[in-house]
Amino acid sequence: MQWRNSSTNYGLVSITMHWLVAVAVVGLFALGYWMVGLTYYSSWYRTAPDIHKSIGLLLLALMILRVTWRFLSSGPAPLASHGRWTRLATKAGHGVLYLGLFAVMISGYLISTADGRSISVFGWFEVPALITSIPDQEDIAGLIHEYLAWGLVIFSGLHALAALKHHFIDRDPTLKRMFGRADA
């Protein structure tokens with residue numbers, strides 16, 4: 001398998017980043033959903049949020065790399081069988097996913113840094129608090145983060161269903177492309 005995207009397939013770099021992001025989004029959502037129910041006396045009360053923040057910031061770095069990679073290695077050409085509306089829905093859907101990812105991560109950052117403290121990423125390095133002056137920052141960002149996370153997971157599920165629809169109903173190579181096998 002090639003590293004870069006071709007006219008028919010995604011390359012190893014794009015595929016790896018796609019699936020890492022997918023696993024991280026589902027994992028972060030599950031962890032976030034679970035950790036909001038923890039009590040102060042739970043042994044995970046401090047650990048779970050630290051893990052959540054660390055993975056979230058690493059995901060932000062990965063998404064910045066992913067956007068950069070999209071400019072360096074454009075994706076495969078649209079399939080001839082995809083009409084104008086399918087192509088438009090694909091672009092719009094990917095745009096919503098990208099914007100949603102960045103928005104949920106930025107809101108998470110604003111929650112975590114509202115008190116002016118930096119965020120430790122697994123103890124490897126610190127991400128400083130740059131914005132701390134928004135009134136009720138933690139509460140507003142928290143509400144936005146929660147709704148965006150739900151929206152992102154629901155939209156990601158629709159994205160997965162669309163890929164399965166292309167594979168099983170349309171019988172086109174859309175899903176195979178994300179595994180690097182469209183011309184196999």
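Owing to the predicted nature of the structure, the values given are computational and were not obtained by experimental measurement.
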Q) Which salt bridge (charged side-chain N to carboxylate O under 4.0 Å, His left out) pairs, counting each pair once, include a residue from residues 21-43, with sequence neighbours left out? A)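 Of all non-adjacent pairs touching residues 21-43, none passes salt bridge (charged side-chain N to carboxylate O under 4.0 Å, His left out).
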Q: Taking all heavy atoms of Ser107 and all of Ile144, pick out the closest pair and write down the distance.
A: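 For Ser107 and Ile144, the tightest heavy-atom pair comes out as CB-CG2, 4.0 Å.
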Q: Of all the heavy-atom pairs spanning Ala80 and Arg87, show the shortest one and how long it is.
A: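 Of all heavy-atom pairs spanning Ala80 and Arg87, the closest is CA-NH2, 4.0 Å.
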Side chains of [X] and [Y]: closer than 4.5 Å at any heavy-atom pair?
X	Y	value
His145	Met105	no
Leu110	Glu138	no
Leu79	Arg177	yes

Q: Take Val21 and Met63 through the side-chain contact (heavy atoms from CB on, under 4.5 Å) test and state the conclusion after the steps.
A: CA-CA 8 Å; Val21 169; Met63 283 303 298; 3.7 Å; yes
Q) What distance do Ser14 atom OG and Arg70 atom CZ have between them, rounded to the nearest 0.5 Å? A) 8.0 Å
For [X], check side chain to side chain donor-acceptor pair (under 3.5 Å) against everything at least two apart and list the hits.
X	result
Glu126	Ser118
Glu146	none
Arg117	Asp115
Lys165	Asp170

Q | Step-by-step side-chain contact (heavy atoms from CB on, under 4.5 Å) determination, Val153 to Val26 | A | CA-CA 7 Å; Val153 165; Val26 171; over 6 Å; no
Q | Pair listing, ring pair (Phe, Tyr, Trp, His ring centres under 6.0 Å) test, anchored in residues 41-66, at least two apart | A |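 Listed by first then second residue: Trp34-Trp44, Tyr40-Tyr45.
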Q: Not counting sequence neighbours, list each pair that qualifies as a ring pair (Phe, Tyr, Trp, His ring centres under 6.0 Å) and has a residue in residues 80-102.
A: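 Checked against ring pair (Phe, Tyr, Trp, His ring centres under 6.0 Å) - neighbours excluded - the pairs reaching residues 80-102 are His82-His166, His94-His159.
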Results of side-chain contact (heavy atoms from CB on, under 4.5 Å) for [X] - residues two or more places apart only:
X	value
Ala163	Leu175
Ser73	Arg4, Asn5, Trp69
Leu130	Tyr109, Pro128
Leu152	Val25, Leu97, Leu101, Val104, Ser156

Q. Is atom CZ of Phe155 surrounded by more than 12 heavy atoms (other residues, nucleotides or ligands) closer than 6.0 Å?
A.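 Yes, because the 6.0 Å sphere around CZ of Phe155 holds more than 12 heavy atoms from other groups.
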Would you be so kind as to tabulate the donor-acceptor pairs closer than 3.5 Å made by side chains of residues 53-62, with sequence neighbours excluded?
{"from": "Ser54", "atom 1": "OG", "to": "Asp50", "atom 2": "O", "distance (Å)": "3.0"}
{"from": "Ser54", "atom 1": "OG", "to": "Ser120", "atom 2": "O", "distance (Å)": "3.2"}
{"from": "Ser54", "atom 1": "OG", "to": "Phe122", "atom 2": "N", "distance (Å)": "2.9"}

(Q) Checking the side chain of Thr113 only, and the main-chain atoms of Gly116 only, is there a donor and an acceptor separated by less than 3.5 Å? (A) no
